[in-house]
Amino acid sequence: MANEAFYNEAIDALANHDKDAAQDVAKRAIAAGVSPQNIMQNGFVVGIRKVGDQFDEGEVYLPELMLAAAAMEAAMAICNAALPEGENETRGVIVIGTVEGDIHDIGKAIVCAYMRANGFEVHDLGRDVPVEAFVDKAEEVNADVIGASALLTATMRKQAEILAELNDRGLRDKYKFVVGGAPCTQEYADSIGADAYAADASDGVRKIEELLGVK
Ligand code: B12
């Protein structure tokens, strides 16, 4: 079966909000030699965005969006488990979370999996994470990078608040601060003074490698 056929099945599984079908195609694609990154990026990510667009247009409602998200999460767990192990020696320590007031964590989970697969030590704080918790955790684990995800325009300001918290504690120069999430842009990242913006998980790995000088 060609990769395209698996991608289309993955897109359809999410369009139909069908968790069993999503898990099934994830397993079959990986068994057939499709990389977990490819089935995720070209299949499930496309599918969840499509459902998001339908939600926008009023063609589907929140319950369907939630079912599609649950199907996506189940498929993602299978893909993440199939990612190659990172190197034993860590290339950097990253603290990451979804900002307070925001419960979107599918994209963040993908970023965590990519970072781990690329040899980074990742401390995932989860979602709806208070500003101080990002900085507290970074101090506790002696992090190199703090990453903050925001999917709502209403919660993006929390990313700026994390920077303000770092400044208040005199810690701004100690950490690289990276932002991501659908409403974020490079322009926005520059405007709040973040060190980098990443459009997706592989861009995130590349930007963090650049920031830390680990190629
Ligand atoms: C799935 C989804 C949900 C699921 C979330 C499930 C979960 N566990 O995450 C559920 C159903 C729970 C949900 C709820 C809500 N949602 Co919603 N949701 C989405 C949807 C369809 C997809 C998001 C997603 O998972 N995308 C797929 C991932 C892979 O992409 P991503 O998140 O962008 O992440 C990638 C990059 O951005 C980047 N990245 C992300 N974070 C980071 C962080 C770092 C550090 C780095 C380096 C990179 C990075 O890498 C990721 C991987 O490639 C979007 C639509 C959209 N187009 O984004 C709406 C969307 C984000 N939701 C929206 C809304 C309004 C809501 C609700 C308020 C709905 C409601 N009326 O209750 C609630 C919010 C509740 C809350 N307080 O958070 C709006 C936001 C509008 C806005 N601009 O503010 C959107 C845009 C839909 C819409 N058009 O209306 N939602």
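Note: hydrogens, waters and symmetry copies are ignored here, and every other heavy atom, side chains too, is used. Atoms within a ligand are numbered from 1 in the order they appear, just like the ligands themselves.
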Got the closest protein heavy atom to atom 47 (C) of ligand 1, with its distance? Ala198 CB, 3.5 Å

Ala201 heavy atom under 4.0 Å from ligand 1: yes

Counting heavy atoms only, name the option from Gly180, Pro183, Ala194, Ala69 that's nearest to atom 49 (C) of ligand 1. Gly180

Can you check whether Phe55 has an N/O within less than 3.5 Å of an N/O in ligand 1? no

Just need the protein heavy atom nearest to atom 88 (C) of ligand 1, so name the residue and atom and give the distance. Asp56 OD1, 3.1 Å

In this structure, atom 75 (C) of ligand 1 is nearest to the protein heavy atom Ile103 CG1, 3.7 Å

Starting from atom 81 (C) of ligand 1, which protein heavy atom do you reach first, and at what distance in Å? Leu152 CD2, 4.4 Å

Nearest heavy atom to atom 31 (P) of ligand 1: which of Arg49, Gln54, Met66 does it belong to? Arg49

Per atom 74 (C) of ligand 1, closest listed option by heavy atom (Arg206, Gln159, His104, Glu73): His104

Test side chain to side chain donor-acceptor pair (under 3.5 Å) on Tyr188 and Gln159; report intermediate values, then the result. CA-CA 11 Å; Tyr188 158 77; Gln159 293 171 321; 2.8 Å; yes

Is any N or O atom of Lys108, backbone or side chain, closer than 3.5 Å to an N or O atom of ligand 1? no

Closest to atom 23 (C) of ligand 1 by heavy-atom distance, out of Val179, Val60, Val51, Leu151, is Leu151

Where does Ala199 meet ligand 1, judged by heavy-atom distances below 4.0 Å: at the side chain, the backbone, both, or neither? backbone

Using a plain distance cutoff, I'd like to know if Gln41 has any nitrogen or oxygen under 3.5 Å from a nitrogen or oxygen of ligand 1. no

Going by distance only, is there an N or O of Ala154 that falls short of 3.5 Å from an N or O of ligand 1? no

Atom 58 (O) of ligand 1: which of Ser149, Gly52, Cys184, Ala182 has the nearest heavy atom? Ala182

Please check whether Ala148 reaches ligand 1 - meaning an N/O of the residue sits under 3.5 Å from an N/O of the ligand, judged on distance alone. no

among protein heavy atoms, the one nearest atom 20 (C) of ligand 1 is Leu65 CD1, 4.6 Å

Atom 71 (N) of ligand 1: closest protein heavy atom, distance to 0.1 Å, is Leu62 CD2, 4.6 Å

Specify the protein heavy atom at minimum distance from atom 29 (C) of ligand 1: its residue, its atom name, and the distance to 0.1 Å. Ile110 CD1, 3.6 Å

Could you check atom 77 (N) of ligand 1 against the protein and tell me its nearest heavy-atom contact, residue, atom and distance included? Gly101 O, 3.0 Å

Of the side chain and backbone of Val111, name the one, both, or neither that has a heavy atom under 4.0 Å from an atom of ligand 1. side chain

Is the closest heavy atom of Arg127 to ligand 1 under 4.0 Å? yes

Test of proximity, Met72 against ligand 1: N or O pairs below 3.5 Å: no

